[in-house]
Structures are given as C-alpha cells and as structure tokens.
Amino acid sequence: MEDKCPEPIRCKAAVCRAAGEPLTLEEIVVDPPKAYELRIKIVCTSLCHSDVTFWRMKDFPGVFPRIFGHEAFGVVESVGEHVEGFAAGDSVVPTFLSQCSECTDCKSSRSNVCSKNRFAVRAGMPRDGTSRFRDADGNPLHHFLGVSSFSEYTVVDVTQVVKVDPALPPPTACLLSCGASTGVGAAWKLAKVEPGSSVAIFGLGAVGLAVAEGARICGASKIIGVDLNPEKDELGKKFGVTHFINPKELGEKTVSQVIVEMTDGGADYCFECIGLAAVMSDAFQSSREGWGKTIILGVEMHGAPLSIPSREILHGKSVMGSLFGGVKPKQDIPILAEKYLNKELELDKFITHEVAFKDINTAFDLLLQGKSLRCTIWMDK
C-alpha cells in the first residue's frame with residue numbers, strides 16, 4: 001500500500017507585514033515538503049538578535065511579508081522524497097546553517113560553511129527559491145534563513161535539520177539551534193581555548209555569555225567580560241566571568257590597556273560579540289603579541305571595515321571570523337546536547353522569560369528593552 005501524500009496544513013503564524021511593525025497572528029497554509037525537505041511541527045521557538053536586525057530592515061534583504069524565527073525545537077510531521085535518516089515523530093532542531101556532509105567544506109575539519117548549500121538570507125527555500133507559506137488570500141509569505149519558526153508548522157531543507165535526543169528539554173534544544181551553539185562553539189570549536197588560558201569577551205549579551213560558558217568548560221582561568229551595562233557584572237559571574245570591565249569607568253585608560261595589564265601582556269583569546277568595527281579593533285589591541293587570537297562573532301551593524309595595524313599582525317596576532325561558532329550542525333549539536341545532559345554544559349540560565357505564542361510581541365519588547373537573554377515562545381500555550 002502506498003504512503004499517503006502529505007496535504008497542505010492550515011495553522012497559525014506570526015507574520016511581519018512591514019519593517020519594524022508588530023507581528024500579527026494569522027491563519028496561513030503550509031504546503032507539503034518537496035524533495036529533500038521536512039515539515040516540522042514547532043513545539044517552541046525563541047527570539048534571537050538576528051531576527052530583530054532583519055525585522056527592522058527596510059531594504060533588501062529585508063523583504064515582507066515574512067515569517068521570522070530561526071531558533072526552535074520541533075517534531076517532524078512529514079518528509080519529502082529522498083529524505084533519509086528522518087521520520088515522522090523525530091525530535092529535531094532546525095539551523096540557519098546547512099551541513100550536506102558531502103561537499104569539500106563539510107568533509108573538512110577546517111570549515112563549517114557548506115559549499116553545496118551556501119549560507120544566504122533568502123526569501124524562499126534554498127533549492128528552488130519558492131515559498132511553502134501562503135496567507136489567507138493565497139499570497140506567498142517569505143521565509144527567513146530557511147527556518148521561519150514563528151509558525152506552528154514550517155518546512156525546512158534536510159541539510160538544515162538536526163535530530164536531537166528526546167530527553168533534551170525543548171527550551172534547551174531551542175538554544176542549541178543558534179545562540180548557545182554560536183557562543184559555546186566559538187570558544188570550544190573555533191578558538192580551541194585551552195585550560196589555564198585568558199579570555200576577554202566584548203559584549204555580554206546571550207552570545208557573549210555563551211562564549212563565557214564555553215570558555216568555562218574549556219578550563220580558562222581568567223574570563224574578562226567587557227560591557228557598558230553595569231548590571232552585566234553580577235550576571236556574568238553566573239556564566240563563569242571572573243573579571244568585569246565597564247569602559248565608562250576607566251578614566252584615562254583604554255580597555256585594551258587595562259586588559260593587557262590584567263593579563264600580563266594581553267589576553268590569549270578575545271571575542272567580539274557586538275558588531276562594531278571600533279570594538280573589534282579594541283579586542284585586537286587587547287590580545288597578546290605572539291599568539292593572541294581575536295574572534296569576530298558580531299556582524300558589523302553599519303557595514304564599516306575593520307582597521308588594524310599591520311605591524312601587530314607581523315608580531316603574531318591573528319583575527320578569525322566566526323559563523324555559527326565554527327559548529328558543524330549535524331556533527332556538533334548532538335555533542336553539545338550530550339554535554340548538557342551530562343551536566344557539563346549549563347544552559348538553563350540563558351532562559352530568562354517565557355511567553356505564549358499569542359504574546360510573541362512581548363518577547364520583542366523584552367529583548368529590545370535589554371530585559372531578557374532568551375525568551376521561550378511556546379506554540380501551544
């Protein structure tokens with residue numbers, strides 16, 4: 001007997017109709033998955049700063065109407081043709097980054113950027129560019145990062161779905177699909193922070209604090225947090241930050257001067273988690289001559305170039321870019337999940353709020369007001 005083909009599903013989604021406007025809960029239609037795609041029932045999702053960045057964006061790649069969301073946990077509802085390794089009922093997290101496991105980059109330990117399905121901010125699905133969402137009038141709704149988790153159901157390419165242990169709590173799984181993996185991975189996978197080393201983190205938002213957590217589990221002995229918000233001093237301690245610097249309270253000294261003094265020559269690893277060229281330069285100046293590494297996690301919010309003295313490069317310093325913290329989704333997210341379940345990796349402290357799906361705009365308010373690290377948005381509450 002032939003398997004029954006999946007039908008379109010009517011469900012609710014939080015749709016953004018114009019840049020910066022509150023999301024509206026609408027009834028939409030989610031088409032069945034095509035070849036190499038899965039349709040996922042979202043259990044919970046959370047709001048990331050990247051969602052806010054593109055929600056504000058009036059010009060391309062800011063396109064509307066759009067369904068945002070890319071940090072989520074769900075259950076496979078149906079699979080399209082040629083999908084292997086997944087079945088209805090599987091616990092999964094979608095990711096904005098692909099891993100085909102076949103291309104040169106995916107096969108190499110030196111890269112996590114799939115060259116077969118390259119990362120891009122598309123309006124549709126990665127393989128054919130079309131949408132799987134339609135509004136009540138039959139008009140297409142744009143996707144976001146190939147995930148669009150602010151919908152009760154979504155369709156995601158098989159290269160962007162990771163199976164996870166069902167024992168993993170849904171809000172924790174959410175974190176691993178973007179923010180926590182990005183920060184922890186940058187310290188653990190990309191920088192390869194060693195026991196006893198010194199680390200400086202510029203910007204103690206969710207990603208910066210995840211870097212601190214990653215540095216902590218790697219055994220860093222000195223973890224310096226830099227932030228303009230004095231409240232981050234106490235908060236940082238929960239994530240392993242051992243020293244705190246508020247640049248507004250240094251008098252005549254620069255941040256880099258203070259860090260060089262604190263570390264007897266500069267930090268072994270500096271992480272920029274804000275997205276400002278001036279701060280990237282500060283991070284580089286704060287790293288140690290000879291072997292200091294500066295890892296850039298923040299996307300420069302004004303598109304400004306990074307300017308650093310060439311002489312310091314000659315003295316052995318280096319700068320690394322970080323997309324998703326160097327994490328290969330299908331390979332590394334299960335490892336991080338296991339570390340959480342074994343109580344090595346502490347992730348629950350990132351979740352500061354939770355709301356029902358109908359109150360999704362509250363999650364935006366909390367993040368914009370600096371009140372939340374991560375707000376879990378439950379689809380069935």
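All heavy atoms count here, side chains included; hydrogens, waters and symmetry mates do not. The chain is numbered in sequence order, starting from 1.
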Polar side-chain atom of Ser197 near backbone of Val193 as donor-acceptor pair, under 3.5 Å: no

Backbone N/O of Cys48 and side chain of Asp51: donor-acceptor pair under 3.5 Å: yes

Side-chain H-bond candidate by donor/acceptor type, Arg132 with Thr130, under 3.5 Å: yes

Closest non-hydrogen atom pair between Val156 and Gly146, with its separation: CG1-O, 3.5 Å

Polar side chain donor-acceptor pair, Ser46 to Glu71, under 3.5 angstrom: yes

Option among Ser78, Cys11, Ser148 that satisfies the side-chain contact (heavy atoms from CB on, under 4.5 Å) test with Tyr153: Cys11

Pairing residues for Lys293 by the side-chain hydrogen bond (donor to acceptor under 3.5 Å, both in side chains) criterion, not counting sequence neighbours: none

Co-membership, hydrophobic cluster, residues Ile245 and Met280, 4.5 Å side-chain: no

Sidechain-backbone polar pair: Asn112 side chain, Leu323 backbone, donor-acceptor under 3.5 Å: yes

Test: Lys116 and Glu102 ion pair at under 4.0 Å: yes

Stepwise salt bridge (Lys or Arg N to Asp or Glu O under 4.0 Å) test for Arg39 and Glu77: CA-CA 6 Å; Arg39 188 161 58 188; Glu77 177 271 335; 2.6 Å; yes

Full working for salt bridge (Lys or Arg N to Asp or Glu O under 4.0 Å) between Lys34 and Glu37: CA-CA 6 Å; Lys34 293 186 179 181; Glu37 296 174 357; over 6 Å; no

Listed partners of Ala136 passing side-chain contact (heavy atoms from CB on, under 4.5 Å), at least two apart: none

Minimum heavy-atom distance between Ser151 and Ile67, given as atom pair plus value: CB-CG2, 4.2 Å

CD (Glu84) with more than 12 external heavy atoms under 6.0 Å: no

Salt-bridge contact Arg17-Glu26 (side-chain N to carboxylate O under 4.0 Å): yes

Ser286 and Ser256: CA distance, side-chain angles, deciding distance, side chain to side chain donor-acceptor pair (under 3.5 Å) verdict: CA-CA 4 Å; Ser286 304; Ser256 59; 4.7 Å; no

Ring pair (Phe, Tyr, Trp, His ring centres under 6.0 Å) partner of Phe144, the single match among Phe150, Phe68, Phe133: Phe68

Summary of ring pair (Phe, Tyr, Trp, His ring centres under 6.0 Å) pairs that have at least one residue in residues 255-302, sequence neighbours excluded: none

Distance-only side-chain donor-acceptor flag, Ser98 / Asn117, under 3.5 Å: no

Minimum-distance pair of heavy atoms, taken over all atoms of Asp105 and Val113: CB-O, 3.1 Å

Asp332 (side chain) donor-acceptor with Pro329 (main chain) under 3.5 angstrom: no

N/O donor-acceptor pair under 3.5 Å between Glu272 side chain and Phe202 backbone: no

Short N-O contact, Glu27 and Arg10, less than 4.0 angstrom: yes

Greater than 12 external heavy atoms within 6.0 Å of Lys349's NZ: yes

Cation-pi geometry met for Arg216 and Phe239 (6.0 Å, 45°): no

Pairing of Asp264 and Lys222 as salt bridge, 4.0 angstrom limit: no

Residues that Ala278 engages under side-chain contact (heavy atoms from CB on, under 4.5 Å), provided they are two or more places apart: none

Geometric cation-pi criterion, Lys12 with Phe357: 6.0 Å, 45°: no

Main-chain N/O of Lys189 paired with Lys192 side-chain donor or acceptor, under 3.5 Å: yes

Expected output: side-chain Ser372 to main-chain Cys375 donor-acceptor under 3.5 Å: no

More than 12 heavy atoms of other groups within 6.0 Å of Asn139 CG: yes

Expected output: side-chain Thr154 to main-chain Val147 donor-acceptor under 3.5 Å: yes

Neighbour count above 12 (heavy atom, 6.0 Å) for Glu338 CD: no

Nearest heavy atoms of Asn229 and Phe244, plus distance in Å: O-CZ, 3.5 Å

Selection residues 106-129 - residue pairs positive for ring pair (Phe, Tyr, Trp, His ring centres under 6.0 Å), sequence neighbours left out: Phe96-Phe119

Connected via hydrophobic side-chain network under 4.5 Å: Leu297 and Ile259: no

Ser149 side-chain N/O to Thr45 backbone N/O, donor-acceptor pair under 3.5 Å: no

Glu231, CD atom: more than 12 neighbouring heavy atoms under 6.0 Å: no

Side-chain donor-acceptor pair present, Asp268, Ser198, cut-off under 3.5 Å: yes

Electrostatic pair Glu261-Lys253, nearest N-O below 4.0 angstrom: yes

Backbone of Gly138 reached by a side-chain donor or acceptor of Asp135 within 3.5 Å: yes

Of all pairs that satisfy ring pair (Phe, Tyr, Trp, His ring centres under 6.0 Å), the ones with a partner from residues 362-381, not counting sequence neighbours: Trp55-Phe364

